[in-house]
Visitor: 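Pasting in a structure now, in structure tokens, and then I'll have a few things to ask.
All values reported here derive from a predicted model rather than from experimental measurement. Below, chain A is the first sequence line, B the second, and so on; all start at residue 1.
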There are 2 protein chains.
Amino acid sequence: MSSDLTARARIRDAAIELFAERGVDGATIRDIAQQADVSSGLLRHHFGSKEGLRDACDEWALNEVTKLSGRFTEFNTLDGFDTRIALLQRYLIRSTMDGSPAGQAIFDRMLEYGEQWLASTDLKVSDTRAFVAVLAVMKMSMFTMRDLMSRALDGDVTEPKQWGRMLQASLELFSQPLITPEQALQAQTAIDRLTAGKDKS
Amino acid sequence: MSSDLTARARIRDAAIELFAERGVDGATIRDIAQQADVSSGLLRHHFGSKEGLRDACDEWALNEVTKLSGRFTEFNTLDGFDTRIALLQRYLIRSTMDGSPAGQAIFDRMLEYGEQWLASTDLKVSDTRAFVAVLAVMKMSMFTMRDLMSRALDGDVTEPKQWGRMLQASLELFSQPLITPEQALQAQTAIDRLTAGKDKS
DNA sequence: TAATTTACTACACGGTTGTGTAGCCGAAGT
DNA sequence: ACTTCGGCTACACAACCGTGTAGTAAATTA
């Protein structure tokens, strides 16, 4: 597809793709090298080690995403449906779940952004940090559970059609209260009971 | 801790714990055997292969969770904060993300349960399936992103305190609309634009 | 043109993984 | 008492992993 790139860049692209698909541990150096159409030694020559390659991918993805700044975390600007961006998303989300620094950086950025957004609204929230964090992971979940969503919707959510269904659903989900005040009260007492109760270790 | 069990049961328990923690690929047979205090050969003797062990764990976890039926998927009955249940949750969620049949079964159950719940409310939803699916993955996300949440909340979310903060946040999140009708309308047009647009393949 | 660095490959090395094999030991059945 | 059989272990094996080494061809530099 894109073989008019530097070998180094090809390796990076292949690594991002396979890391995103199978995880860092799941993707082998040899597979990455083969996909980039180079020897596995060249990979080592350019990036030193597998972790070096991971770091390079993280850094590149982070920069790339920074260029596109708002488009990543913002909800209503996801309309620019680009395969490249989707791949970046998958890679970074995978990195985030694998606990890599780049992933944590992205998540921290999402938290910060969420807090700014929350401050601009007049929502009643008792624990800002927790609220924003929960909201952030929920936003991400549509991507982390990509395979599950595709199965549930009976179609690849990478395609615009299913993607749209997901966005539509999340929109409706966030624009109306899902539980009634009575149910909320009931849940509240349950939570209070939990919080007050001693932990049985 | 619990060494008065059959060796077979000890192996199963150890496998579930390590599978939940490191994933099926991440946990080695030898580690599981060591944690169960048996030889790695015995594991093979009882379960045939690693996949056999995985299947056995899936089946056991599925049965176990069926016994406790509602407690797993239901929102406001999570107050029975039990370490065993928490472990089961982690294992099944991990299985779900790894694409195992047991995980898919659990997810399907959540979808079915969600559709029943949705029918009992008077929420306005354009795409039932998508709505329920998105809601399901969002509910799960608090557990799948456990490490991330712990970092954001600056404390292990397995502990009742942080757990309570999470539940509280999700409660507040679901009991009020997060975006205003104007914002919803704006997002709606964005989604429509996406859905109508041709995919540039 | 000669020298030195750079891009790149082929191949071997320990270590770990899942799996296979041979055998020990104690209990149950006859 | 002897056999049988399941629980259980020790050990070997092939495959695969990340890594290290040696060497070649091409580009850069002087």
Side-chain angles (χ1 to χ4, degrees), chain A residues 1-60 91 94-95 97-103, chain B residues 1-60 91 94-95 97-103:
Chain A
M1 7 180 111
S2 55
S3 52
D4 55 338
L5 291 171
T6 320
R8 195 174 200 277
R10 279 207 318 269
I11 294 175
R12 181 192 7 86
D13 286 355
I16 284 191
E17 191 167 334
L18 290 186
F19 281 162
E21 191 174 332
R22 312 178 196 173
V24 176
D25 289 333
T28 70
I29 284 189
R30 286 171 175 84
D31 285 343
I32 296 173
Q34 185 175 5
Q35 173 135 343
D37 215 40
V38 297
S39 72
S40 65
L42 183 59
L43 193 149
R44 178 162 177 72
H45 171 67
H46 277 304
F47 299 96
S49 69
K50 190 178 186 183
E51 192 171 331
L53 175 59
R54 216 267 301 260
D55 291 345
C57 287
D58 276 0
E59 185 182 346
W60 182 82
Y91 172 78
R94 190 97 196 197
S95 287
M97 290 182 41
D98 287 358
S100 91
Chain B
M1 10 182 108
S2 57
S3 54
D4 55 340
L5 290 172
T6 320
R8 195 175 198 276
R10 278 207 316 270
I11 294 174
R12 182 192 4 89
D13 286 356
I16 285 192
E17 189 167 336
L18 290 186
F19 282 163
E21 191 174 332
R22 313 179 196 171
V24 176
D25 290 332
T28 70
I29 284 190
R30 287 171 174 83
D31 285 343
I32 296 173
Q34 186 176 6
Q35 173 135 343
D37 215 40
V38 297
S39 73
S40 66
L42 182 60
L43 194 149
R44 179 163 176 73
H45 172 66
H46 275 304
F47 299 96
S49 69
K50 190 180 186 180
E51 192 171 332
L53 175 60
R54 216 268 299 259
D55 291 344
C57 287
D58 276 0
E59 186 182 344
W60 183 82
Y91 173 78
R94 190 96 195 200
S95 288
M97 291 181 40
D98 288 357
S100 92

Visitor: Expressed in angstrom and rounded to an integer, what is the separation of B:L42 atom CG from C:dT19 atom C1'?
Guide: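 Going from B:L42 (CG) to C:dT19 (C1'), I get 15 Å.
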Visitor: Roughly how many Å is it from CG in A:D37 to C1' in C:dC8, rounded to a whole number?
Guide: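 One finds 13 Å between C1' of C:dC8 and CG of A:D37, rounded.
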Visitor: In whole angstroms, how far is the P atom of C:dT19 from the NZ atom of B:K50?
Guide: 8 Å
Visitor: State, with a plain yes or no, whether a side-chain heavy atom of A:L5 is found less than 4.5 Å away from one of A:R12.
Guide: no
Visitor: Among D:dC17, C:dT9, C:dT19, which nucleotide sits nearest the side chain of A:T28?
Guide: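 Per side-chain heavy atoms of A:T28, the pick is D:dC17.
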Visitor: Taking A:L53 as the fixed residue, which of A:D58, A:V24, A:I32 is the one that meets the side-chain contact (heavy atoms from CB on, under 4.5 Å) rule?
Guide: A:I32
Visitor: What's A:A27 touching, base or sugar-phosphate or nothing? Going by heavy atoms closer than 4.0 Å.
Guide: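 Answer is sugar-phosphate: A:A27 comes under 4.0 Å of backbone atoms only.
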Visitor: About how many Å separate CZ of B:R54 and CG of B:D98, when rounded to the nearest 0.5 Å?
Guide: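 These two atoms lie 7.0 Å from each other.
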Visitor: Figure out the CZ/P separation between A:F47 and C:dA7, and round it to whole Å.
Guide: 11 Å
Visitor: Please classify the nucleic acid contact of A:R30 as base, sugar-phosphate, or nothing, using heavy-atom distances under 4.0 Å.
Guide: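 The residue A:R30 makes base contact.
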Visitor: Identify the two heavy atoms, one from B:A15 and one from B:C57, that lie closest to each other, and give their separation to 0.1 Å.
Guide: CB-SG, 3.7 Å
Visitor: Which is more 5' along DNA chain C, the nucleotide nearest B:I29 or the one nearest A:H45? Just name the residue.
Guide: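 Here A:H45 is the residue nearer the 5' end.
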Visitor: Take the protein atom CD1 of B:I32 and the nucleotide atom C1' of C:dT19, then report the distance between them rounded to whole Å.
Guide: 14 Å
Visitor: In whole angstroms, how far is the C1' atom of C:dT6 from the NE2 atom of A:H46?
Guide: 9 Å
Visitor: Without decimals, in angstroms, what is the distance between B:D25 CG and C:dT16 P?
Guide: 18 Å
Visitor: Could you state the atom-to-atom distance from CZ of B:R8 to P of D:dC8 in whole Å?
Guide: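 Going from B:R8 (CZ) to D:dC8 (P), I get 11 Å.
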